[in-house]
Number of protein chains: 2
Amino acid sequence: MALEHAILVSLDERSGSGYELARRFEKSIGFFWAATHQQIYRTLKRMVELGWVTGHEVAQDGRPDKKVYEVADAGRAELARWLASPGEPETIRHDLSVKVRGASLGDPAALVDEVARHRDLHAERLDVYLAVEKKDFPDPSALSGRRLHQHLVLRGGIRAERALVEWCDEVLVALREDDRR
Amino acid sequence: MALEHAILVSLDERSGSGYELARRFEKSIGFFWAATHQQIYRTLKRMVELGWVTGHEVAQDGRPDKKVYEVADAGRAELARWLASPGEPETIRHDLSVKVRGASLGDPAALVDEVARHRDLHAERLDVYLAVEKKDFPDPSALSGRRLHQHLVLRGGIRAERALVEWCDEVLVALREDDRR
DNA sequence: GTCCGCATGTAACTTGTTACATGATTTA
DNA sequence: TAAATCATGTAACAAGTTACATGCGGAC
């Protein structure tokens with residue numbers, strides 16, 4: 001399991017509450033690891049029990065109190081252990097591919113629309129990633145340490161989204177061509 | 001959920017037993033949708049109850065009996081409905097990215113090894129896909145219908161694995177460069 | 001005689017999803 | 001005054017993983 005580890009990485013970059021973590025999982029960290037607030041609260045609770053993080057309540061004025069979590073030594077040790085341990089490549093579950101493979105069993109035009117929709121969604125994500133890169137990493141060759149690692153992960157996102165956009169385009173051309181016959 | 005739908009697509013291409021499906025999910029279909037035999041047996045059971053597939057026992061000599069499943073009309077209708085319905089792009093969960101992002105907290109050399117391992121795994125997969133393409137789809141421009149759709153999905157796998165290999169290479173160069181300083 | 005392939009399953013557990021619940025403050 | 005943001009959670013359910021269980025036939 002890596003949600004714990006994703007949280008540890010995020011908390012190590014900056015301590016924060018469950019709510020703040022949930023927000024990060026909607027962007028930065030969320031670009032490569034998805035999680036909802038329910039999962040995060042549940043997991044943080046377990047991580048406190050395991051001694052991987054410590055939480056303390058912080059009073060705020062004009063806002064509800066929050067619990068801010070920090071990585072404990074045991075958490076850092078667990079992260080180091082996990083980083084060095086071999087993991088399997090991700091198990092793939094790609095809905096859209098299932099749909100394309102089953103195309104003959106449904107309405108061709110509807111499938112084309114669906115692929116086009118995904119194409120646009122991926123193109124949007126790609127634009128977001130490219131904008132982040134331009135803004136936050138204007139001189140990539142000068143990076144080192146944490147900043148370098150963050151940039152490398154972003155590069156992965158850019159490559160993945162670009163590949164998906166190009167694949168959708170290839171599929172669209174082929175499906176439309178096939179329909180015309 | 002799309003396991004049902006992946007099974008429907010696979011059974012539509014050819015009827016088969018739970019065991020046979022499990023094998024297909026280790027290759028062809030498994031290239032874009034992972035599932036274990038336990039999931040498949042469980043799901044087939046539910047699909048029979050839903051009337052999406054029908055199963056009948058087939059006696060074999062020298063081998064255990066098997067239950068062969070076929071897609072029913074209700075199953076084909078469900079597939080058509082699902083194909084036309086909009087779906088979300090996949091939620092990403094990429095372990096290796098979490099590890100790269102947390103690189104500063106562990107042993108740099110161990111991470112390099114881990115990335116290199118993944119690079120080789122993805123390169124192997126890529127080779128498999130390219131071999132399948134060469135063997136099964138020697139003349140892609142002549143394809144239509146089912147065969148075209150199968151080829152398009154394979155193209156997606158090729159693009160994805162290629163992107164991953166290239167990303168791993170980029171990460172390796174950058175991490176090794178960073179270590180040297 | 002031991003391991004591999006064929007063939008089907010149960011049980012226990014961990015993860016992930018969806019819906020619901022509460023309540024204060026700020027913004028439109 | 002209605003909606004959005006901040007903030008934390010419970011409960012029920014769906015899906016995925018891991019371990020265990022059984023038994024025949026053929027290959028080595």
Side-chain angles (χ1 to χ4, degrees), chain A residues 1-7 11 15-27 29-30 32-50 52-53 55-69 82 87-95 98, chain B residues 1-7 11 15-27 29-30 32-50 52-53 55-69 82 87-95 98:
Chain A
M1 229 292 286
L3 176 54
E4 280 97 334
H5 303 106
I7 290 176
L11 283 181
S15 300
S17 67
Y19 187 88
E20 280 158 4
L21 280 168
R23 311 248 53 195
R24 290 183 212 170
F25 275 82
E26 279 167 15
K27 35 183 179 63
I29 294 276
F32 55 94
W33 198 275
T36 61
H37 84 268
Q38 291 87 346
Q39 271 178 280
I40 291 166
Y41 283 124
R42 187 210 264 162
T43 304
L44 278 171
K45 207 177 162 184
R46 190 167 10 125
M47 289 169 78
V48 170
E49 284 163 23
L50 288 166
W52 293 359
V53 298
H56 51 272
E57 297 213 4
V58 174
Q60 302 183 107
D61 51 307
R63 287 182 183 183
D65 295 356
K66 61 179 178 178
K67 270 181 235 163
V68 173
Y69 295 90
W82 178 74
E88 290 300 303
E90 305 309 305
T91 53
I92 300 146
R93 293 212 165 94
H94 200 235
D95 265 67
V98 178
Chain B
M1 229 293 287
L3 176 54
E4 281 95 335
H5 304 105
I7 290 177
L11 283 180
S15 299
S17 66
Y19 187 87
E20 282 158 5
L21 281 168
R23 312 247 51 193
R24 290 183 211 170
F25 275 83
E26 279 168 14
K27 34 184 180 62
I29 294 276
F32 54 95
W33 198 276
T36 61
H37 84 267
Q38 292 86 348
Q39 270 178 281
I40 291 165
Y41 283 123
R42 187 209 267 158
T43 304
L44 279 171
K45 206 176 163 186
R46 191 167 8 127
M47 289 169 78
V48 169
E49 284 164 22
L50 288 165
W52 293 359
V53 297
H56 51 272
E57 298 214 5
V58 174
Q60 302 184 108
D61 50 307
R63 286 181 185 184
D65 296 357
K66 61 178 177 180
K67 270 180 235 165
V68 172
Y69 295 91
W82 179 73
E88 290 301 304
E90 306 309 303
T91 53
I92 300 147
R93 294 210 166 98
H94 199 237
D95 265 68
V98 178

Next on the checklist: Assess the residue pair A:Trp52 and A:Thr43 against the criterion (side chain to side chain contact (heavy atoms under 4.5 Å, CB included)); give the C-alpha distance rounded to whole Å, side-chain angles, the decisive distance to 0.1 Å, and a yes or no.
Outcome noted: CA-CA 11 Å; A:Trp52 293 359; A:Thr43 304; over 6 Å; no

Distance-only criterion, 3.5 Å: show the donor-acceptor pairs between side-chain atoms of residues 55-69 of chain B and protein atoms not counting sequence neighbours.
from    : atom 1 : to      : atom 2 : distance (Å)
B:Gln60 : NE2    : B:Pro64 : O      : 2.7
B:Lys66 : NZ     : B:Glu20 : OE2    : 2.8

Whole angstrom value for the distance that separates [atom2] of [N] from [atom1] of [X]:
X       : N      : atom1 : atom2 : value
A:Asp95 : D:dA15 : CG    : C1'   : 14 Å
B:Arg23 : C:dA7  : CZ    : C1'   : 11 Å
A:Leu21 : D:dT8  : CG    : C1'   : 13 Å
B:Glu90 : D:dA15 : CD    : C1'   : 14 Å
B:Leu44 : C:dT10 : CG    : C1'   : 16 Å
B:Glu26 : C:dC4  : CD    : P     : 15 Å
B:Gln60 : C:dT8  : CD    : C1'   : 12 Å
B:Glu4  : D:dG16 : CD    : P     : 9 Å

Next on the checklist: Among residues at least two apart in sequence or on other chains, which ones pass side-chain hydrogen bond (donor to acceptor under 3.5 Å, both in side chains) with A:Arg42?
Outcome noted: none

Item to check | Rounded distance (nearest 0.5 Å) linking atom OG1 of A:Thr91 with atom CZ of B:Arg93 | outcome: 10.0 Å

Item to check | Point-to-point distance, once rounded to the nearest 0.5 Å, from CD1 of B:Ile92 to NE2 of B:His94 | outcome: 9.5 Å

Checklist entry - How would you label the contact of B:Ser17 with the nucleic acid (heavy atoms, under 4.0 Å): base, sugar-phosphate, or nothing? => result sugar-phosphate

Item to check | Angle between terminal axes - the helix from C:dG1-D:dC28 to C:dA28-D:dT1, 5 pairs each end, rounded to 10° | outcome: 30°

Show the distances under 3.5 angstrom between N or O atoms of the protein and N or O atoms of nucleotides 22-28 of chain C.
none

Identify each atom pair where a protein N or O and an N or O of nucleotides 16-19 of chain C are less than 3.5 Å apart, giving names and distance.
from   : atom 1 : to      : atom 2 : distance (Å)
C:dG16 : OP2    : A:Gln39 : NE2    : 2.9
C:dG16 : O5'    : A:Gln39 : NE2    : 3.4
C:dG16 : N7     : A:Arg42 : NH1    : 2.9
C:dG16 : N7     : A:Arg42 : NH2    : 3.4
C:dG16 : O6     : A:Arg42 : NH2    : 2.9
C:dT17 : OP2    : A:Gln39 : OE1    : 3.4
C:dT17 : OP2    : B:Arg93 : NH2    : 3.4
C:dT17 : O4     : A:Arg42 : NH2    : 3.3
C:dA19 : N6     : A:Gln38 : NE2    : 3.0

Heavy-atom pair with the smallest gap, counting every atom of [X] and [Y]:
X       : Y       : result
A:Leu44 : A:Ile7  : CD2-CG2, 4.0 Å
A:Met47 : A:Glu4  : CE-O, 3.5 Å
B:Gly18 : B:Ile40 : O-CG2, 4.0 Å

Item to check | Donor-acceptor pair, side chain of A:Glu90 and main chain of B:Asp95, under 3.5 angstrom | outcome: yes

Would you say a side-chain N or O of [X] is under 4.0 Å from OP1 or OP2 of [N]?
X       : N     : value
B:Tyr19 : C:dC6 : yes
A:Lys45 : D:dG9 : no
B:Tyr41 : C:dG9 : no

Checklist entry - B:Trp33: what forms a ring pair (Phe, Tyr, Trp, His ring centres under 6.0 Å) with it, not counting sequence neighbours? => result none

Item to check | Basic-acidic side-chain contact under 4.0 Å: B:Arg23, B:Glu26 | outcome: yes

Next on the checklist: Between A:Leu21 and A:Arg24, does the side chain to side chain contact (heavy atoms under 4.5 Å, CB included) criterion hold? Intermediate values first, please.
Outcome noted: CA-CA 5 Å; A:Leu21 280 168; A:Arg24 290 183 212 170; 4.0 Å; yes

